[in-house]
Amino acid sequence: MTVIRGATTIACDSAEEIRAAVAELLGQIESRNALKRDEVLSIVFSSTSDIHSFYPAKAAREAGFASCSLFSAQEPEIDGSLALCIRVMIFVEKNITPHHVYLRGARILRKDLSQKFNIAIDGPAGSGKSTVAKLLANDYHILYLDTGAMYRACALAALRAGVDVTDEVQVCDLMRGLSLSVVYRDGVQHTMLGEEDVSAFLRSPEVSMAASTISRHMSVRMKMVEKQREIAGKMSCVLDGRDIGTFVLPDADFKFFLTASPEVRARRRFDELTAKGEKVDFETLKQEIAARDEQDSTRAFAPLKKADDAVLVDTSDMTIDQVLGTIKRKMQEKI
Ligand code: DC
């Protein structure tokens, strides 16, 4: 015997929607698993507690699954669960490798079964993008690529080599011999210069400003963008940066632009640095962030900018859970 799983969502709780969604789901499970109707022993449905208007089991019978046993149950109301969702478990009288089918909004439940997708999150420093990107990556079991860390590593290499980061010719020379890579250990990004893991040296105010300056140069950007596209082309990932939605991945499946007031962003960075035991002056930090904003958004090539099709989220008065909830909701709406 084989057990096949599936799920789908409906747009609103109506008999018509349920009939159509169940017929589509069972039809796809049938075709992807090359099932014959008489091989289906039983079909068990569960639906979220916001579905009341029709039994999915009745929809299955109407769709022609008449000889197997059918059953529907309602799931408990769980905070944060996917809305208007119908799940199914099909017991089949043959031994096959099952192709589980997740459709519409339910694709999000089993990212491992669905196609590769990328999430682009852009925004200025302190807008909350890296925190939320990490949480999204964790929830969807996909990779998080911190593209800022790549520019920071270039800046660190330049500072160490005594290269003037404003001088594109000097920077270009340095870049030719630079072996920059990102590796992942237990899902955590480590940014490498050659064999050295430099992740711990990338967050200082000096490196932050130098990263912003060095990232103005087209030669630097093209080298970084090439690596970013290569990674994003191979697997599902969430990338955060300044130009992901506009330049690196203009066709990203989901695009967000996070922002927050300068005061709030400076406060977040201040708290982050002081929590690490670093001594920073709030006003100086605020000025540095403003200078970086100015430099990142006015550069000629791929500046910090919201893509026209990105969803804008002002995180000034939101908790990180609220930001995450908003992003996930928008993603579900789009699927
Ligand atoms: O996201 P971050 O603060 O770590 O980024 C550091 C700097 O790197 C930022 O001020 C501008 C640059 N950067 C960029 O130009 N493009 C990106 N995609 C990411 C970062």
Side-chain angles (χ1 to χ4, degrees), residues 118-134 137 144-159 165-166 168 171 175 178 180 182 188-191 198-232 237-250 252 255-260 262 264-266 268-273 276 278 280 285-307 310 315:
N118 293 128
I119 311 171
I121 305 187
D122 290 303
S127 54
K129 58 189 191 317
S130 67
T131 311
V132 82
K134 277 181 210 153
Y144 163 52
L145 179 60
D146 172 2
T147 64
M150 298 170 71
Y151 292 96
R152 287 171 180 271
C154 293
L156 179 72
L159 293 173
V165 286
T166 64
E168 184 155 17
V171 169
M175 293 299 293
L178 200 69
L180 189 152
V182 291
V188 178
Q189 175 175 330
H190 293 263
T191 309
V198 292
S199 311
F201 310 115
L202 301 180
R203 315 304 310 178
S204 72
E206 192 193 11
V207 171
S208 301
M209 202 59 217
S212 170
T213 305
I214 212 166
S215 70
R216 290 195 320 226
H217 304 312
M218 196 196 279
S219 49
V220 176
R221 299 204 71 78
M222 287 320 293
K223 195 164 172 176
M224 297 304 109
V225 168
E226 193 187 326
K227 278 189 199 301
Q228 292 157 14
R229 286 183 180 152
E230 190 191 316
I231 295 170
C237 50
V238 46
L239 297 86
D240 77 349
R242 304 291 187 288
D243 60 339
I244 310 300
T246 52
F247 185 68
V248 181
L249 301 174
K255 293 186 189 180
F256 296 92
F257 190 89
L258 268 50
T259 184
V264 168
R265 293 191 287 117
R268 287 177 185 157
R269 268 295 139 88
F270 179 81
D271 291 345
E272 189 187 314
L273 291 168
K276 281 193 207 154
E278 288 182 35
V280 277
L285 194 63
K286 207 166 135 187
Q287 280 162 21
E288 275 168 10
I289 286 184
R292 217 144 58 91
D293 282 358
E294 168 73 13
Q295 182 156 259
D296 293 344
S297 48
T298 57
R299 69 177 173 234
F301 185 57
L304 163 65
K305 191 167 165 280
K306 177 187 163 305
T315 68

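Whatever order the structure lists them in is the order used to number ligands and atoms, beginning at 1.
Looking only at atom types and distance, the side chain of Ser212 has no donor-acceptor partner in the side chain of Arg299 under 3.5 Å away. Side chains of Gln189 and Ser199: no donor on one and acceptor on the other come within 3.5 Å.
Within 6.0 Å of CD in Glu206 there are 12 or fewer heavy atoms belonging to other residues, nucleotides or ligands.
Sorted by chain and number, the residues within 4.0 Å of ligand 1 by heavy atom are Lys129, Thr147, Gly148, Tyr151, Arg152, Arg203, Ala211, Ser212, Ser215, Arg221, Gly241, Arg242, Asp243, Arg292, Asp296, Arg299.
Evaluation of the salt bridge (Lys or Arg N to Asp or Glu O under 4.0 Å) test over residues 145-157, restricted to residues two or more places apart or in two chains, returns Asp146-Arg203.
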Side chain to side chain contact (heavy atoms under 4.5 Å, CB included) evaluation trace for Tyr151 with Val220: CA-CA 8 Å; Tyr151 292 96; Val220 176; 4.2 Å; yes
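Classification of Glu230 and Lys227 as a salt-bridged pair fails, no side-chain N sitting under 4.0 Å from a carboxylate O.
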